[in-house]
Amino acid sequence: MRMSRYFLPILRETPKEAEIVSHRLMLRAGMIRQEASGIYAWLPLGLRVLEKINKIIREEQNRAGAIELLMPTIQSADLWRESGRYEDYGKEMLRIRDRHERDMLFGPTNEEMITEIFRANVKSYRDLPLNLYHIQWKFRDEVRPRFGVMRSREFLMKDAYSFDLDARGAQESYHRMFVAYLRTFARLGLTAIPMKADTGPIGGENSHEFIILASTGESEVYCHKDFLQFSSPPDTVNFDDAAEMAAIVEKWTSRYAATSEKHDQAAFAALPKDEQVSARGIEVGHIFTFGTKYSVPMKANVSGPDGKEVPVHMGSYGIGPSRLVAALIEAGHDDNGIIWPDAVAPFNVGIANLKIGDAATDAACTRLYAAMQKAGIDTLYDDRDERPGVKFATMDMIGVPHQVIVGPKGLAEGKIELKDRRSGARENLSVDEVIARLTA
RNA sequence: CGGAGUGUAGCGCAGUCUGGUAGCGCACCUUGUUCGGAACGAGGGGGUCGUAGGUUCGAAUCCUAUCACUCCGACCA
């Protein structure tokens, strides 16, 4: 993308309402714009990151055997009356009335709807296990939205729902999602630690929150330092092998890890001092099984091998991509701006032409840009008529991981500069060397 | 939902107490000198001062109502 033709409304000053670093940087980098309290428009740069996160989530959900569909944002209240949650949900639910005076709502979650879809179409245990997911905007009318997209009212969520014949099958589905989550967060460049979570009113055996450590995180968390060394499951992992899945889950739940709500001070203190990690964390995922909570009242039954009808055992698995964008920034930034992992960077390569109009720099940049495009690399070419300092500051703030700096001084010696955003390391290389390096 | 506060140009703010018809910095446009870490000068465009009433010869400023937004606490992917 040529920056001169792009829509990248960068702010030089920080809007006063932005308290935490991710919110500040998302506004300053022109990723989002607030349209109402807790409701944001995603500008081109922000949307790129969001879509890259979604892509990774999809790939890992699919790998684990989940199947994508798309449910609507608006739901009928009648569906929620079936489960009894229409009355229970309270003011967090945005209730709407259509022109025929029918009660509708903007979905805060989709258990009811997915159960309805399931029961209408699946009647036999032979069709199980089944795991359906979608990535859709949800709305929860939080009393007090804050921290930008970290706690917004409208937010994007990937939610998967598993269906199994019995509790044992549900457990296996849970394990698959657990492993898929480990892989997903690892690919996003994050270390996410599964922490035993409260199932709350939903009930059930299995529940974990995936927490990433960040100094500006919202909650206090405590865990064993081994979690920081654990390697995530490789892409050769076999999701059909229940024993392999169970072993991975076993490993990742073998050490102490809890958020402040579930913190057991005594158990934590029993760990050797140098193995204790006490930090702040952000919840980026939550998985749990809830048995037949919805299948019983909503009559989502299947025939078992013995011919008897039984309610299915279900589980649900959420990841918040929009929150992840903020979490990634909380986990990756410095005084100059955002530091994206390559996997989600809106642009992976940035080309800064320090002297627009200079034949040599223009030619070198054009050649670089063409080579990057040919290689299919997301590249932002800063071809604006701006001073060098402005271009450096822009590249750093929006967090382009690999920056190619092309100026007349270097070119006089046949060299351009390749800078790594994260480390700040710079190398002087020829244009061909840079192309070879970046397209390797 | 309780408590506190703020609405004046895209962003950050002054002006409000003490009414006289709106200003500064950044950004934007023109132009010149600049040009390797957010340059400088000259000129210029943009605001019915959140909204609606009221008081007044006259309201950003005083009064009333209303809306929006933010922060602190209790709740959440």
* Asked: Partners of A/Phe155 by ring-ring contact (aromatic ring centres under 6.0 Å, His included), sequence neighbours excluded?
  -> none

* To do: Please state the C1' separation for the pair B/G7 and B/U16 - nearest whole angstrom.
  => 13 Å

* To do: Could you tell me which nucleotide pairs with B/U16 by Watson-Crick or G-U wobble geometry, both distances under 3.5 Å, or answer none if nothing does?
  => none

* Asked: A/Arg24 has an atom CZ; how far is it from atom P of B/C11, in whole Å?
  -> 18 Å

* **Aromatic contact, A/His263 with A/Phe268 (centres under 6.0 Å)** => yes

* **C1' gap between B/G23 and B/U8, integer Å** => 10 Å

* Once you round it to whole Å, what is the distance between P of B/C29 and CZ of A/Arg384? -> 12 Å

* Structure fact -> A/Leu25 CG to B/C11 C1', in whole Å, measures 15 Å

* Could you work out the separation of B/U34 and B/C40 based on their P atoms and round it to a whole Å? => 16 Å

* Structure fact -> Taking a pair to mean Watson-Crick or G-U wobble geometry with both distances below 3.5 Å, B/G45 pairs with none

* Asked: With rounding to whole Å, what would you report as the distance between B/A14 and B/C62 at their P atoms?
  -> 15 Å

* N-O pairing of A/Arg119 and A/Glu82 below 4.0 Å -> yes

* **Under-4.0 Å salt bridge between A/Glu111 and A/Arg85** => yes

* To do: Pick the P atom in B/A68 and in B/A74, then give their distance to the nearest Å.
  => 25 Å

* To do: For B/G25 and B/G46, measure between their C1' atoms and round to the nearest Å.
  => 16 Å

* When the P atoms of B/G53 and B/C69 are considered, how many whole Å apart are they? -> 23 Å

* Structure fact -> Paired to B/G25 by Watson-Crick or G-U wobble criteria (both distances under 3.5 Å) is B/C11

* **Side chains of A/Asp382 and A/Tyr6, donor plus acceptor under 3.5 Å** => no

* Not counting sequence neighbours, which residues clear side-chain contact (heavy atoms from CB on, under 4.5 Å) with A/His402? List them please. => A/Asp342, A/Val349, A/Asp420, A/Leu438

* **Identified pairing partner of B/C71, criterion: Watson-Crick or G-U wobble below 3.5 Å** => B/G3

* For B/U33, the Watson-Crick or wobble counterpart (both distances under 3.5 Å) -> B/A39

* Starting at the 5' end of nucleotides 33-41 of chain B, put B wherever the base has a protein heavy atom under 4.0 Å, S where only the sugar-phosphate does, and a dash everywhere else. => -BSBBBB--

* To do: Name the pairing partner of B/U66, where a pair is Watson-Crick or G-U wobble with both distances under 3.5 Å, or state none.
  => B/G50

* Return the set of residues passing ring-ring contact (aromatic ring centres under 6.0 Å, His included) with A/Phe230 (not counting sequence neighbours), or none when no residue passes. => A/Phe227, A/Trp252

* **Separation of the C1' atoms in B/C28 and B/C11, to the nearest angstrom** => 12 Å

* Asked: What string of B, S and - do you get for nucleotides 68-77 of chain B, 5' to 3', when a contact is any protein heavy atom under 4.0 Å?
  -> -SSBBBBBBB

* Asked: What integer distance in Å separates A/Leu27:CG from B/G10:P?
  -> 16 Å

* **Closest-nucleotide 5' rank along RNA chain B - winner of A/Thr14 and A/Lys91** => A/Lys91

* Which pairs pass salt bridge (charged side-chain N to carboxylate O under 4.0 Å, His left out) with one or both residues in residues 182-194 of chain A, sequence neighbours excluded? -> A/Glu59-A/Arg187, A/Glu60-A/Arg183, A/Glu60-A/Arg187

* **Ring geometry between A/His23 and A/Tyr40 (parallel below 30°, tilted from 30 to 60°, perpendicular above 60°)** => perpendicular

* Asked: Is the A/Phe178 ring parallel, tilted or perpendicular to the A/His208 ring (thresholds 30°, 60°)?
  -> perpendicular

* Pairing partner of B/C76 (Watson-Crick or G-U wobble, both distances under 3.5 Å) -> none

